[in-house]
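Data first, discussion second: the structure below is written as structure tokens.
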Amino acid sequence: MKKGKIISQLKSMALLLILIAVAAVFEGKAFFSFFNIMNILLSVSVYGIMICGSIFPLLVGGMDLSIGSTAAFSAIIGARVMIAYEFSTVGILAGILAAMVTGAAVGLINGIAAYYFDVPALLATISTQYVFYALAQLITENKTVSCGNSDMFAFIGSGTIFGIPFPIFILAFLAAAIYFLLNKTVFGRQVYAVGGNIKASRMTGVNAGAVIIVSYVLSGVMAALGGMVLTSMNTMVKASTGYGYELYVFIGLMVGGVNFAGGEGTIQGGLFGALLVGVLSNVMMMVGIDATYHNMIQGIVIIIAVALTARRALINSGLSKKAAS
Amino acid sequence: MMETENILEVKNIVKRFSGVEVLKKVSFEVRKGEVHALMGENGAGKSTLIKIITGVYPKDEGSIIVDGRDADINSRQDSISQGISVIYQELSVIPTLTVMQNIFLGQELTKKGLLDKKRMREKADSLIKRCDFDIRPDDYVETLSVAKRQMVEILKALLYDAKILIMDEPTASLTDKESDKLFNIINRVREQGTSIIYISHRVEEVYRIADRLTVLRDGMVVGELNKQEITHQRVVQMMIGKEVKEQADKANKPIQNGNVLSVQNLSREGLWHDLSFEAYGGQILGIGGLVGSGRTELLRSIYGADRYDKGEVLFNGKPVSRSVKKNIRNGMGYIPEDRRGEGLIPLLSVGDNIAMPNYDMLSNGMAVVNHAKELELGEEMIREIDIRPANSKMPVRNLSGGNQQKVVVGKWLARDLKVLLIDEPTVGVDIGVKGEIHQIFMRLAQQGVVIILVSSDLKELIQISDRIIVLHEGSIFKEFSKEEATQQKILLAASGIA
């Protein structure tokens, strides 16, 4: 069991190393430059922030496909609040808070639909994806909301500390918090338990409904934070901000070995998956592969990476049979 | 007896997993047209042996001879083409298809590229007639009982021209009556000339249907018995390798601490009406009844996992909560019938499973887990009730049935238990572990815990209960003291006869 896990983690790692080796051979100096490494990390930071939330619905056996429009809708609300307070310090904080509350509300709706109304999570969250995309279009009248007048707000997405982009700090902080939540708290244990076997969890007194709903709320809050960072980076937000992000996020989680049937997976794995995809884009750009081929190559590498992780499940089940006999 | 020709010979099979020999030169033969029982405790190597015969695992040494010829079995497909079929404990029939569709799945008969339903129906019909089964080709499998689903599996095997049919614990989820039916089915299949390898823990049934039996222990064949040599004591002794003591009779009377759980006028539409009884601390109250008599729902209702329409459950005069969480806090525990479905979280480790209901003690205010305490609890339980392998980090899905059940029991032992509700605690558990689990329950009773036990295993029910009530059609039909109770009396009461 343990052995299988390590082997496959090594395989994914090896894939990353191969990519890095390719980059090193062709563009070694440029690839390993501090600037480029920061660039890669920055390019995956928003996805990473969203992964910190999206992992929860997956772990409890559901999924949240609405994060793209949750991010946009929440960030629009946040932007409106900031504009109303003319980007004062309090206004920016209030805006971020408003975005988080909005994200939480969307998550609550997803969670209630998935848990109480028994709508399959995939369907429930695709629906909310549409609904909140439309709502975002409605309240913005399909125009962009500009947030370009505040240096303080721009710092969130574009500022640096010791040359390190600020979003990387945000991601590092959130990742650490989520790691703690998943590994050190009773809630974390319950997340894995509910995803592993919801009936058995109930029989040990776990309030499975609450665990599932909180999971979707966390997903919504993190999507909102991702949306705010994105808004700051772009100095504006519109309904299509964050559009399609859910796919990238799920690819990261899948490549990172999070079990889509629930109950299994780590935050470090999910973030590693996102990094792998980020490095891939970067290497393709560096090596000078025509942009036309990027999507194709990306698709192929993702399949390989997922196959390597899926192989793990196979090894595991094989070993488990042996161990049981 | 016919000529003793062997359909299957297994010779000197050796299998190692990561250097450890789990099968040590295992040899046995199965004769044509016999029911050959393969017995052994969990971990004795039965499953591994079967997986080698059916090509799931490669063997390291030895040979398999089918019908006199060396069979080179390297895959599941190889074994099927050699005429070896397996029916696993978890049936593999597809509920939403008909009997016929299931039987022909993957080997459909066609005419000009289209399904030849007429010929398939004819063939299915003739097979069913030949075996004298009570099913029709067009019945949907989801409408059939477990016993009938097994018929479908058997038909499927026969369609593949199975010369050897391997049945893995086929009675594990059957009632006594259904088991009787299965034995008739097996007899009919045997009469068709098919040999059967019958894997079971239950000595009583092997006694009834096996022509011969082979006992495995620790990866070795410890003996082979012919029908007339099979006795309960002898088989058990071979399986566990030591003389079994008869269960200690409970001469040391448990303490009566005055704890009492009383169920008053409990009613639920379609299950029970005005059900009233009391269970006392220091006693095990057994509940007998047929499958479907509402026993499981009764336990779940007391526990707070199911609703009831009317009535009350009181503990020492105070109403018991209808919330599982609160009941656990107040000292209640529950061992569900469906171990894998409700008792365990298979992906999680032994330690995590044991910790599950205990986070009130293992964390500060239900927030941050005290990891050291958590680990300690797991290790402590592993030592206390001898869970094997003794590794708290191993996922429970990798454990044998008996050890999984110990984990389910173990998670309650750290608590200050007042009431323990137990539903079919030893299904699919081998005889050694069964005894150990009974000892745990009796020890808890002696410590003053109120124990309510539901079991379809009448021997078990009589052996460890101090008092037995029998449900029939939603009310208590009879009550027996330990001294009065016999299997026959309980069965008759459960059927509402006497």
Side-chain angles (χ1 to χ4, degrees), chain A residues 1-7 58-61 177 179-211 214 257-266 312-325, chain B residues 15 17-18 22-23 42-51 56-57 300 303-305 323-329 334-336 338-348 352-353 355-360 362-363 365-369 371 374 389 393-395 397-401 408 411:
Chain A
M1 163 77 199
K2 266 271 144 55
K3 212 156 111 194
K5 219 167 211 167
I6 291 164
I7 287 170
L58 282 181
L59 287 178
V60 296
Y179 179 86
F180 181 82
L181 193 57
L182 279 176
N183 292 288
K184 308 284 177 194
T185 67
V186 175
F187 174 71
R189 295 286 196 282
Q190 292 179 339
V191 164
Y192 286 106
V194 168
N197 186 344
I198 187 167
K199 281 190 191 161
S201 319
R202 286 206 184 102
M203 287 303 151
T204 50
V206 174
N207 186 342
V211 172
V214 171
V258 176
N259 185 342
F260 272 49
E264 214 176 11
T266 61
R312 183 187 93 193
L314 209 72
I315 294 169
N316 279 352
S317 70
L319 275 184
S320 72
K321 275 183 200 159
K322 286 171 201 171
S325 57
Chain B
K15 179 69 188 169
F17 287 128
S18 31
V22 293
L23 292 179
N42 286 337
K46 291 172 306 198
S47 318
T48 312
L49 181 58
I50 291 309
K51 282 180 178 147
V56 178
Y57 292 158
R300 293 173 61 101
Y303 190 52
S323 135
V324 169
K325 195 172 167 181
K326 279 190 193 138
N327 284 334
I328 292 175
R329 294 277 179 283
Y334 173 53
I335 295 170
D338 181 359
R339 185 184 314 144
R340 267 171 255 178
E342 296 194 328
L344 294 168
I345 299 159
L347 287 169
L348 295 188
D352 283 348
N353 270 283
M356 245 4 252
N358 298 313
Y359 281 114
D360 51 341
L362 301 174
S363 66
M366 279 311 278
V368 180
V369 175
H371 196 54
E374 193 185 20
K393 298 222 167 76
M394 182 176 264
R397 65 171 171 195
N398 292 2
L399 264 51
S400 67
V408 180
K411 63 180 159 192

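What you see is a predicted model, and the numbers here were worked out from it, not measured in a lab. So that the names make sense, note that chain A is the first sequence line, chain B the second, and so on, each numbered from 1.
With A:Y192 contributing its side chain and B:L347 its backbone, the two residues share no donor-acceptor pair below 3.5 Å.
Only the backbone of B:L344 comes within contact range of chain A, with at least one heavy atom under 4.5 Å from a heavy atom of that chain. Proximity to chain A is absent for every atom of B:K326, based on heavy atoms less than 4.5 angstrom apart. A:V206 touches chain B through its side chain: at least one heavy atom from C-beta onward sits under 4.5 Å away, while N, CA, C and O do not.
Counting heavy-atom pairs closer than 4.5 Å to chain B, the top-ranked of the candidates A:G196, A:A193, A:G188, A:S201 is A:A193. Between chain A and the options B:P357, B:P389, B:A355, B:S363, the largest number of non-hydrogen pairs under 4.5 Å is found for B:P357. By number of non-hydrogen pairs under 4.5 angstrom with chain B, the leading residue of A:A200, A:G263, A:G195 is A:A200.
Looking at every heavy atom in both residues, A:R189 comes nearest to B:V369 through NH2-CG1, 3.7 Å. Closest heavy-atom contact between B:V324 and A:M203: CG1-O, 4.1 Å.
For the atom pair OG1 of A:T204 and CD1 of B:I328, the computed distance is 6.0 Å after rounding to the nearest 0.5 Å. Taking NZ from A:K199 and CD1 from B:I345, the interatomic distance works out to 13.5 Å, rounded to the nearest 0.5 Å.
Partners of B:R300 according to the salt bridge (charged side-chain N to carboxylate O under 4.0 Å, His left out) rule, which considers only residues two or more places apart in sequence or in another chain, are B:D306, B:E342.
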